[in-house]
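First the structure, in the form of structure tokens, and then the observations on it.
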Amino acid sequence: MDLVDRWVELAGPDTRTIGADLAARYGEPHRRYHTREHLADVLDLVDELAPHADDADVVRLAAWFHDAVYDPRRGDNEERSAWLAERMLTDTDVGPEIVAEVARLVRLTTTHAPAAGDRNGHVLCDADLAVLAAEPDRYAAYAAAVREEYAFIPDEHFIRSRADVLRGLLELSRLFQTPPARARLEGGARRNLETELMLLGG
């Protein structure tokens with residue numbers, strides 16, 4: 001299904017312009033990983049993990065907005081994406097409680113550390129991190145695409161920052177929160193992270 005049609009199925013035909021705007025954002029030319037393909041992958045996994053969410057449609061809305069604003073030169077993309085969600089959804093029939101929950105979930109992707117019992121947060125974060133458990137070739141392509149997005153950073157600084165990110169992920173007691181994601185993805189993700197860290201020299 002076309003991405004915009006997928007948005008309309010979720011949010012209704014009166015919001016088609018919002019879906020088109022969001023799809024265009026994920027198609028921005030500076031993006032290499034945070035693209036429409038990534039959005040579709042996240043939405044697919046949210047669908048798969050939907051029984052583990054308290055409100056799967058709220059998680060789907062958050063998935064649409066989670067990387068809506070993406071500028072590798074800034075450190076506040078999640079906050080700006082949450083603000084965009086608040087602004088755009090306030091102009092629709094979506095209630096204020098749902099708008100607030102969508103924005104909270106988007107902000108949660110800054111750390112990918114949802115609290116125990118945060119079922120919506122568990123599903124969104126698991127879907128967003130699923131690429132970490134990709135087959136080695138796809139994981140390598142993901143890592144290369146991230147490097148392209150940060151091409152303006154010299155190798156020495158990028159390697160140091162990327163290694164810090166990888167170590168931080170490996171130090172988490174668990175990367176995935178929902179039982180099916182944890183069972184299927186945890187081991188592969190940790191192997192990929194350890195391999196990339198080794199290749200970075202760290």
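The existence of a salt bridge linking Arg160 and Asp164 is excluded, since no basic side-chain nitrogen approaches an acidic carboxylate oxygen closer than 4.0 Å. A salt bridge is defined here as a Lys NZ or Arg NE, NH1 or NH2 lying under 4.0 Å from an Asp or Glu carboxylate O, and Asp155 with Arg147 meets this definition.
Taking 4.5 Å as the limit, some side-chain heavy atom of Arg31 sits within range of a side-chain heavy atom of Glu149. Taking 4.5 Å as the limit, some side-chain heavy atom of Leu3 sits within range of a side-chain heavy atom of Trp64. Annotation: side chain of Leu45 is in contact with side chain of Leu49 (closest heavy-atom distance under 4.5 Å). Residues Leu170 and Leu197 have side chains in contact (heavy-atom distance under 4.5 Å, counting atoms from C-beta outward).
Partners of Glu194 under the side-chain hydrogen bond (donor to acceptor under 3.5 Å, both in side chains) rule, at least two apart in sequence or in another chain, do not exist in this structure. Scored by the side-chain hydrogen bond (donor to acceptor under 3.5 Å, both in side chains) test, Arg74 finds Asp76 as partners (sequence neighbours excluded). Remark: Asp57 engages Arg60 in a side-chain hydrogen bond (donor to acceptor under 3.5 Å, both in side chains) (not counting sequence neighbours). Applying the ring pair (Phe, Tyr, Trp, His ring centres under 6.0 Å) criterion to His34, with sequence neighbours excluded, gives His38, Tyr70. Looking at residues two or more places apart in sequence or on another chain, you find no salt bridge (Lys or Arg N to Asp or Glu O under 4.0 Å) involving Arg191. In this structure, the side-chain hydrogen bond (donor to acceptor under 3.5 Å, both in side chains) partners of Arg184, at least two apart in sequence or on a different chain, are Glu48.
For residues 61-71, the set of pairs meeting the salt bridge (Lys or Arg N to Asp or Glu O under 4.0 Å) definition, not counting sequence neighbours, is empty. Annotation: side chain to side chain donor-acceptor pair (under 3.5 Å) contacts involving residues 168-183, sequence neighbours excluded, comprise Asp126-Thr178.
Considering CG of Leu61 and CG of Leu124, their distance stands at 11.0 Å, rounded to 0.5 Å. Summarising the geometry, atom CZ belonging to Arg73 is positioned 8.5 Å from atom CD1 belonging to Ile153; distances are rounded to the nearest 0.5 Å.
Here the shortest heavy-atom pairing between Val46 and Ala127 reads CG2-CB, 3.7 Å. Closest non-hydrogen pair, Ala63 versus Val42, comes out as CB-CG1, 3.8 Å. Between Ile159 and Leu200, the shortest heavy-atom distance links the atoms CG2-O, 3.6 Å.
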Could you tabulate the donor-acceptor pairs under 3.5 Å formed by side-chain atoms of residues 130-145, not counting sequence neighbours?
from   : atom 1 : to     : atom 2 : distance (Å)
Arg138 : NH2    : Asp41  : OD2    : 2.5
Tyr139 : OH     : Glu196 : OE1    : 2.5
Tyr142 : OH     : Arg162 : NH2    : 3.2

Show me the side-chain donor-acceptor pairs of residues 84-92 shorter than 3.5 Å, one per line, residues at least two apart or across chains.
from  : atom 1 : to     : atom 2 : distance (Å)
Glu86 : OE2    : Arg107 : NH1    : 3.4
Thr90 : OG1    : Glu86  : O      : 2.4
Thr92 : OG1    : Leu89  : O      : 2.7
Thr92 : OG1    : Val94  : N      : 3.1

For residues 10-18, which side-chain donor-acceptor pairs fall under 3.5 Å, sequence neighbours excluded?
from  : atom 1 : to    : atom 2 : distance (Å)
Thr15 : OG1    : Trp7  : NE1    : 2.8
Thr15 : OG1    : Gly12 : O      : 2.8
Arg16 : NH2    : Asp5  : OD1    : 3.1

Side-chain donor-acceptor pairs under 3.5 Å in residues 111-119, sequence neighbours left out?
from   : atom 1 : to     : atom 2 : distance (Å)
Thr111 : OG1    : Ala113 : N      : 3.4
His112 : ND1    : Thr109 : O      : 3.3
His112 : NE2    : Asp128 : OD2    : 2.7
Asp118 : OD1    : Arg104 : NH2    : 2.9
Asp118 : OD1    : Gly121 : N      : 2.9
Asp118 : OD2    : Arg104 : NH1    : 2.9
Asp118 : OD2    : Arg104 : NH2    : 3.3
Arg119 : NE     : Asp54  : OD1    : 2.8
Arg119 : NH2    : Pro51  : O      : 3.2
Arg119 : NH2    : Ala53  : O      : 3.4

